[in-house]
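Just below is one structure, and these are the notes that go with it.
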Number of protein chains: 2
Amino acid sequence: MARTKDPAIRTLLIERAAHMLRTREPITLRSLVAGTGMSTMAVYTHFGGMDGLWKALRQEGFTRLAARYDSMAGSEDPVRDLTALVAAYLDNALDHPDLYQVMFDASVDLEDLEAADSTLDRLVDTARRAGEAGRFHPDTRPRRLAVQSWIIAHGLVSLVAGGPLSIRTLDNGPPMLTALYIGAGDDPDRCRASVEAGWRVSDRAGV
Amino acid sequence: MARTKDPAIRTLLIERAAHMLRTREPITLRSLVAGTGMSTMAVYTHFGGMDGLWKALRQEGFTRLAARYDSMAGSEDPVRDLTALVAAYLDNALDHPDLYQVMFDASVDLEDLEAADSTLDRLVDTARRAGEAGRFHPDTRPRRLAVQSWIIAHGLVSLVAGGPLSIRTLDNGPPMLTALYIGAGDDPDRCRASVEAGWRVSDRAGV
DNA sequence: TCCGAAAACATAACATTGCTATGCAATGTA
DNA sequence: TACATTGCATAGCAATGTTATGTTTTCGGA
């Protein structure tokens, strides 16, 4: 009937674009396909244009974040786990700073929303687990606490990665999360220990 | 000796660009000067190119924020004032969402840093005043608390303005600030009242 | 008062951008 | 095996930011 579209080309282009993003090469229609043997039309068959490519890159960013979350083992301390998720969010953003920027600048169509919600759900689940373990006030809304954790993570990383604040600003993470979770009802000493433990899960080297 | 550059043209172009930003018209070199009688070279004499124009727009954004801060009267309750500054930051960003985005996407050269620091200093001063009034632990670092307030404000507004979260998410502002300031040592009940009062200073209509 | 230099500005051309029109080739189905 | 449908290459298009070049304006010094 018709020639079949090779999905490998799609992922190849996305990975190439992600690589160019990381190496700070400007991503243009022609520079993207240069050297690959493909013509510019490949971008149109697979993504419908450059806008489609950027959208696919945003999806890729959320996919990598989800993969990072998948690789994390939960513990019996949900506040530690919640902190670890926030720390992983920061690490992911700092490992792929340009990709992270792409994820949040042109946004937001429906698919972007779904991708963002899907990663947020990890935080919500863990916050709920903490609530069920009696760490928070009984009327604490898990989603609300998850969103607040996300706000801190996003504010931190977007002011640090290419923003006006220095990398040391990340040290504000633990105290801010601690204040947040204590405010939600956690026992101060226990909370500090949990956040401390969760923060250290990150593989941030000497930051 | 030489023809003198008219500074009025510079501000005219900036205001025109800011207006086009607000009305979602794409800002291109030619569209910017179209209808003004100027030629495209005006942008080069006054800004050195489009990059210079974007940089001037970022400065304009910080200038408007500073003007908003200038218009605010301080009270005898510095925690209320600190909250009011954060609320004003949010209002400013929501009043000029596109300008706000410009302020933080391409950033950051030295002048941008200075402009950001200058507005941050308002928060630092107020946080220091709160510390001197005995609201916080004696070892609370004002700049640290100011930065943490900024992180919350920026995280909130950048996830809400054009981001994945709804406008109602702004309701997370007061509880987050309250948790932060209580964590810094403020008395819980007094803190809640101060934050409540500071938040209401904003002219956000029914949000 | 006038001249000359220096800077602002207008005009126009340039390379590069994303995109589209068109034709060809490949491939699965009838 | 014939054919229709789709992937893809080539080439050209309008629009972008920039630069090259010439003109005009303005101000300081003779």
Side-chain angles (χ1 to χ4, degrees), chain A residues 1-60 98-99 101-102 105-107 109 111-112, chain B residues 1-60 98-99 101-102 105-107 109 111-112:
Chain A
M1 184 170 169
R3 205 167 156 187
T4 65
K5 180 166 14 182
D6 181 4
I9 292 186
R10 191 187 154 90
T11 70
L12 187 149
L13 281 176
I14 291 177
E15 279 175 19
R16 178 170 165 81
H19 179 262
M20 293 174 71
L21 214 54
R22 186 166 51 247
T23 56
R24 303 287 201 284
E25 302 166 74
I27 297 183
T28 72
L29 177 63
R30 287 168 177 80
S31 71
L32 182 64
V33 298
T36 64
M38 288 177 266
S39 86
T40 59
M41 279 305 294
V43 175
Y44 284 82
T45 8
H46 292 274
F47 302 98
M50 285 305 279
D51 282 356
L53 177 86
W54 290 112
K55 178 171 162 182
L57 270 178
R58 291 197 292 275
Q59 291 289 323
E60 174 70 13
D98 308 276
L99 191 54
Q101 187 172 329
V102 169
D105 47 50
S107 230
D109 63 17
E111 288 186 47
D112 292 332
Chain B
M1 186 166 167
R3 204 168 158 187
T4 67
K5 181 167 11 183
D6 181 4
I9 293 185
R10 191 187 155 90
T11 70
L12 187 149
L13 281 176
I14 291 178
E15 279 175 20
R16 178 170 164 81
H19 180 263
M20 293 174 72
L21 214 54
R22 184 167 51 247
T23 56
R24 302 290 199 285
E25 302 167 75
I27 298 183
T28 72
L29 177 63
R30 287 170 177 79
S31 71
L32 182 64
V33 298
T36 65
M38 289 177 265
S39 85
T40 60
M41 281 305 294
V43 174
Y44 283 82
T45 39
H46 291 275
F47 302 99
M50 285 305 280
D51 281 355
L53 177 85
W54 289 112
K55 179 171 160 181
L57 270 178
R58 291 198 292 275
Q59 290 288 321
E60 175 70 13
D98 309 274
L99 190 55
Q101 186 172 327
V102 169
D105 49 45
S107 228
D109 64 14
E111 287 185 49
D112 293 331

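Per chain, numbering begins at 1; letters A, B, ... match sequence-line order. Just so it is clear, the structure is predicted and the values come from calculations on it, not from any experiment.
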Taking atom [atom2] of [N] as reference, at what distance in whole Å does atom [atom1] of [X] sit?
{"X": "B:Leu12", "N": "C:dA8", "atom1": "CG", "atom2": "C1'", "result": "16 Å"}
{"X": "B:Asp51", "N": "D:dT16", "atom1": "CG", "atom2": "C1'", "result": "13 Å"}
{"X": "B:Met41", "N": "D:dG17", "atom1": "CE", "atom2": "P", "result": "14 Å"}
{"X": "A:Arg30", "N": "D:dC8", "atom1": "CZ", "atom2": "P", "result": "18 Å"}
{"X": "B:Phe47", "N": "C:dC9", "atom1": "CZ", "atom2": "P", "result": "12 Å"}
{"X": "A:Arg10", "N": "D:dC8", "atom1": "CZ", "atom2": "C1'", "result": "17 Å"}
{"X": "A:Leu29", "N": "D:dA14", "atom1": "CG", "atom2": "P", "result": "18 Å"}
{"X": "A:Asp6", "N": "D:dT6", "atom1": "CG", "atom2": "C1'", "result": "14 Å"}

Within less than 4.0 Å of OP1 or OP2 of [N], is there a side-chain N or O belonging to [X]?
{"X": "A:Thr28", "N": "C:dT17", "value": "yes"}
{"X": "A:Thr45", "N": "D:dG7", "value": "no"}
{"X": "B:Tyr44", "N": "D:dT18", "value": "yes"}
{"X": "B:His46", "N": "C:dC9", "value": "yes"}

For [X], which contact category applies under a 4.0 Å heavy-atom criterion: base, sugar-phosphate, or nothing?
{"X": "B:Gly37", "value": "sugar-phosphate"}
{"X": "B:Ser39", "value": "base"}
{"X": "A:Leu53", "value": "nothing"}
{"X": "A:Met50", "value": "sugar-phosphate"}

Okay, side chain of A:Gln59, backbone of A:Glu111: is any donor-acceptor separation there less than 3.5 Å? yes
What is the minimum heavy-atom distance between A:Ala17 and A:Ile27, and which atoms define it? O-CD1, 3.3 Å
Could you report the tightest heavy-atom contact between A:Ala56 and A:Arg10, atom names first, then the distance? CB-NH2, 4.0 Å
When the nearest nucleotide of DNA chain C is assigned to B:Ile9 and to B:Thr40 on a heavy-atom basis, which residue is associated with the more 5' position? B:Ile9
Run through B:Thr45, B:Leu12, B:Leu32 and flag the one making a side-chain contact (heavy atoms from CB on, under 4.5 Å) with B:Met38. B:Leu12
Any salt bridge between B:Arg24 and B:Asp98, counting N to O under 4.0 Å? yes
Walking DNA chain D from its 5' end, the first of B:Ile27 and B:Thr4 to be reached, judged by nearest nucleotide, is B:Ile27
